[in-house]
Amino acid sequence: MLRYVTTNPGKVREAERYLPDGSVERLDFDYTEVQADGLGPIAAQGAREAYRHADGPVLVDDAGLFVEGLDGFPGPYSSYVEETLGIERVYEVASELDDRRAAFRCTLGYCDGEGFAASPDPVDRGDRDAAAAAGPDAEAGGESGGEDDAVGADADPLPVKLFEGYVPGRIVAPRGDGGFGYDPIFEHDGETFAEMDTDRKNAVSHRGRALEKFAEWYADR
Ligand code: IMP
């Protein structure tokens, strides 16, 4: 049984849509969020800690909003910024910018205690190119070795496989009542995420894209 490590049951419901029936359950475990300027190192370290806690296969996700005109801020600091500044203030700052393009990005980290073959690489080139402008860890993917090198970590040998999802959009004045977090100020294809119903949002979301890649790879695992 795969365990999705989150305090949010909605994320597990989303994962269930991509994975075989009964193959995933929620693990309510609060892992340490290491401080890093990219999502990959946070997901990788979380997956290792959760695997050691659960002693079985785990999936951890880390997500954030990357505003291009702010050099990717708030990015990995999205939770902290949401709690402290709040999304209205993020909108106010972004409204001063010429370039209001932004992206939600999600990195999933999978760990089952075993190593991984070098290919297939789950991060496709299109995503890398698109993500390159949005954050410093745009090349994160594949095995954890590169990640560790990138963050200068003390080489934890437990392998983690990373999967990235990306959705482009732009920052707008808050609209819509649905969703959570930054949804009201993130517009994709003319609608904010808060204006979309859950199915529509899941179909285009960063988490959905990452889950899709993970599910395809996991089917052969
Ligand atoms: P987490 O990694 O899912 O905990 O998300 C980190 C931060 O990004 C939190 O502030 C979330 O509210 C925000 N966030 C992540 N995904 C979404 C999303 O789909 N919509 C809106 N905000 C999101």
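Whatever order the structure lists them in is the order used to number ligands and atoms, beginning at 1.
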>> Students often mix this up, so state it plainly: with edges at 30° and 60°, are the rings of Phe186 and His188 parallel, tilted or perpendicular?
In response: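 Correct class here is parallel.
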>> Can you classify the ring geometry of Tyr110 versus Phe214 as parallel (below 30°), tilted (30 to 60°) or perpendicular (above 60°)?
In response: tilted
Atoms of ligand 1, numbered as shown, that sit under 4.0 Å from any heavy atom of [X]:
X      : result
Ser78  : 7 (C), 8 (O), 10 (O)
Asp183 : 18 (C), 19 (O), 20 (N), 21 (C)
Arg207 : 3 (O), 15 (C), 16 (N)
Asp62  : 2 (O)

> Quick one: does Glu83 get a heavy atom under 4.0 Å from ligand 1?
Replying inline: no
>> Looking at ligand 1, is there an atom of it that comes within less than 4.0 Å of some heavy atom belonging to Leu65?
In response: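 It does not, in that no heavy atom of Leu65 comes within the 4.0 Å cut-off of ligand 1.
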Closest contact, heavy atoms only, [X] versus [Y]:
X      : Y      : value
Ala103 : Tyr166 : CB-CE1, 3.5 Å
Ser205 : Glu14  : OG-OE2, 3.3 Å
Gly109 : Leu162 : CA-CD2, 3.8 Å

Which residue and atom name correspond to the protein heavy atom nearest [atom], and how close is it?
atom                    : result
atom 3 (O) of ligand 1  : Lys11 NZ, 2.7 Å
atom 19 (O) of ligand 1 : Lys201 NZ, 2.7 Å
atom 7 (C) of ligand 1  : Ser79 OG, 3.5 Å
atom 12 (O) of ligand 1 : Glu82 OE1, 2.6 Å

> Should the pair Glu212-Arg209 be classified as a salt bridge under the 4.0 Å nitrogen-to-oxygen rule?
Replying inline: yes
> Considering only heavy atoms, which of Ala63, Cys106, Gly208 lies nearest to atom 2 (O) of ligand 1?
Replying inline: Ala63
> Of the choices Phe180, Tyr182, Phe186, Tyr80, which has the non-hydrogen atom that lies closest to atom 18 (C) of ligand 1?
Replying inline: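 Nearest option to atom 18 (C) of ligand 1, by heavy atoms: Phe180.
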>> Treating Arg26 as the side-chain partner and Val12 as the backbone partner, does any N or O pair qualify as donor plus acceptor under 3.5 Å?
In response: no
>> Is there a path of hydrophobic side-chain contacts, each under 4.5 Å between heavy atoms of I/L/V/M/F/W/Y residues, joining Val93 to Phe104?
In response: yes
